[in-house]
Amino acid sequence: MTLIDAGPTMPTGGPGLPQRRHLVTALPGPRSQEILARKAAAVPQGVGHTVPVAAVAAGGGVVVDADGNSLIDLGSGIAVTTVGSSHPKVVEAIAAQAAQFTHTCFMISPYESYIAVAEALNRLTPGDHEKKSALFNSGAEAVENAVKIARKHTGRQAVVALDHGYHGRTNLTMALTAKSMPYKSGFGPFAPEVYRVPGSYPLRDGLSGADAAARAISLIDKQVGADNLAAVVIEPIQGEGGFIVPADGFLPAVAHWCRDNGVVFIADEVQSGFARTGAMFASDLFGIVPDLITTAKGIAAGMPLAAVTGRAEIMDAAHAGGLGGTYGGNPVACAAALAALDVFENDGLVERAQQVERLLRQRLERLAAIDPRIGEVRGRGAMMAVEFVDPATAAPDAALAAAIAKAAIAEGVIVLTCGTDGNVIRFLPPLSIPDDLLHEGLDVVASALAAR
Ligand SMILES: Cc1ncc(COP(=O)(O)O)c(C=O)c1O
């Protein structure tokens, strides 16, 4: 059975797709409607979707749907297609590996590409100490394994996460995640020995980094006790929680306290990793060297792959056979990762993310200067956001963020919301997007804001 019958006009994805916003129907068009009706019948409502179209191709800075509509992509499938969807080097690597072998299970018959990915991660992640990496399938699985490793290394059980943190949807990572709806509500009980403290949210708490760290550390000391604490898990720039950039000094102070107290500092860079923030890792921006770092999303340009990388002596705490999984480090995903890592390192993607930041920041700050409903423009690299507030009270305005996102999507621009209060619009374009499309996407968002 053909899954999508788009006939001979089915576009080939990748950077060769025409780079333009072009709507030939209202969204969703008739073909997308048909497919989405099948989705509603066959897939539970718990698996939601943001953009009401069925994708058939993507590349550069666009996503093309089953009706031939071409949408500007300011979301990268939630920060995944950083090198661009169907990047030619990645496609070639996937095809070559798929023709060789698709699976042996690394725990049964190991293969070189997994080891090469681990070597690359050990080299690229912050710090020049001896490191090791283990590969998994998803960001949540990486975070789970980082916690397992930290517990085994320290012999302690407690784990601390931050307000506004997001770490995934498995049982332990739901416990680590702050926001109840839609991630946790009704899905408990959650894993025990997880504690939450406030982090640093300059717009809301007005604290310096040092003061925010002192507040967090004091709460940890009082409510958990360093002797019981295996790990602190922190996103250096919080993603789903609202693209919150901590005040200078917050992360180094917490990392320092962890080091002094034998607590494993885990940086969750699942969203912020791999050039996304204008550095290879967001930890680099803040001058911190995490003990363990979790990665996924951008690592393999959309193939399911995730990793835990860290100090060799911590990574080796788990006994032989204690880590793994049937698919972790699948050879096709590893081939994609090696190609993507080559692009990150050698095709100037860190610099491209810095350029994207300049463009986004300039446009968004110009908007903020004339519209008091924008409480803050923040982020780094191609991970930027605006937080919408009620100008009179500074209260979060989720309805405005939702209305703007909906209007932009209807006009063919994919934007995502985030934030514990749902009042943030985030911009996560693929780094392959041309500048004129970025400008056009922002024009549409600006018009949506002006119309409200
Ligand atoms: C910081 C962070 N950690 C973990 C996850 C979970 O990753 P996955 O959805 O691949 O399980 C995400 C996903 O958005 C994330 O942003």
Side-chain angles (χ1 to χ4, degrees), residues 46-50 75-82 125 134-148 150 159-179 182-184 187 190-191 194 196 199 231-246 251 265-277 281-283 285-286 290 292-309 325 327-330 333 336-337 340 379-385 416-420 422 424 426-428:
V47 185
H49 63 266
T50 306
S76 301
I78 321 185
V80 171
T81 52
T82 310
T125 48
L135 304 186
F136 303 97
N137 302 292
S138 68
E141 208 189 336
V143 174
E144 290 250 356
N145 278 278
V147 170
K148 274 168 67 171
V159 182
V160 161
L162 298 185
D163 282 351
H164 309 288
Y166 180 88
H167 301 285
R169 296 172 182 264
T170 57
N171 188 267
L172 173 60
T173 57
M174 275 193 293
L176 292 166
T177 289
K179 188 173 173 175
Y183 308 124
K184 303 169 72 166
F187 298 144
F190 303 114
V194 172
R196 188 174 313 289
V232 172
V233 186
I234 295 185
E235 299 156 85
I237 294 179
Q238 291 183 307
E240 305 300 302
F243 282 28
I244 303 165
V245 182
L251 291 170
F265 183 95
I266 302 173
D268 181 351
E269 294 236 25
V270 164
Q271 188 156 166
S272 58
F274 303 108
R276 177 54 61 186
T277 62
F281 294 95
S283 295
L285 295 172
F286 301 100
L292 300 181
I293 177 164
T294 55
T295 53
K297 289 191 185 277
I299 187 174
M303 296 299 285
L305 191 74
V308 182
T309 300
Y327 298 116
N330 167 273
R380 293 283 188 279
M383 185 173 179
M384 297 289 297
L416 311 175
T417 58
C418 65
T420 304
V424 178
R426 52 176 155 172
F427 300 94
L428 286 165

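Keep in mind that this is a model prediction, so the values were computed, not measured. Order of listing sets the numbers, starting from 1, for every ligand and every atom in it.
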Answer yes or no: does an N/O atom from [X] fall short of 3.5 Å to an N/O atom of ligand 1?
X: Glu141; answer: no
X: Glu235; answer: no
X: Val270; answer: no

query: Would a distance-only check, ignoring hydrogens and angles, find a side-chain to backbone donor-acceptor pair under 3.5 Å from Gln271 to Ala79?
result: no
- request: For Tyr183, look at atom OH and say whether over 12 heavy atoms of other residues, nucleotides or ligands are found less than 6.0 Å away.
  value: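 Count over threshold, so yes.
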Looking only at heavy atoms, which two atoms of [X] and [Y] are closest? And how far apart?
X: Leu176; Y: Arg196; answer: O-NH1, 3.0 Å
X: Lys297; Y: Val80; answer: O-CG1, 3.6 Å
X: Ala178; Y: His164; answer: CB-N, 3.4 Å

field: Closest protein heavy atom to atom 16 (O) of ligand 1, given as residue, atom name and distance to 0.1 Å
entry: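 Looking only at protein heavy atoms, the one closest to atom 16 (O) of ligand 1 is Gln271 NE2, 2.9 Å.
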statement: Among non-hydrogen protein atoms, atom 7 (O) of ligand 1 lies closest to Gly139 CA, 3.3 Å
- request: Please check if a non-hydrogen protein atom sits closer than 4.0 Å to atom 9 (O) of ligand 1.
  value: no
- request: Could you list the atoms of ligand 1 found under 4.0 angstrom from a heavy atom of Ala140?
  value: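 Selected atoms, number and element: 6 (C), 7 (O), 8 (P), 11 (O).
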- request: State the atoms of ligand 1, each with its element, that fall below the 4.0 Å cut-off from a heavy-atom position in Asp268.
  value: 1 (C), 2 (C), 3 (N), 4 (C)
Contact check, Ser138 vs ligand 1, heavy-atom distance below 4.0 Å: yes
Validation row, ring centre Tyr327 to ring centre Phe136 under 6.0 Å: no
query: Going through the distances and angles, do Leu428 and Met383 end up as a side-chain contact (heavy atoms from CB on, under 4.5 Å)?
result: CA-CA 5 Å; Leu428 286 165; Met383 185 173 179; 4.0 Å; yes
From the candidates His167, Glu240, Lys297, the one that places a heavy atom nearest atom 4 (C) of ligand 1: His167
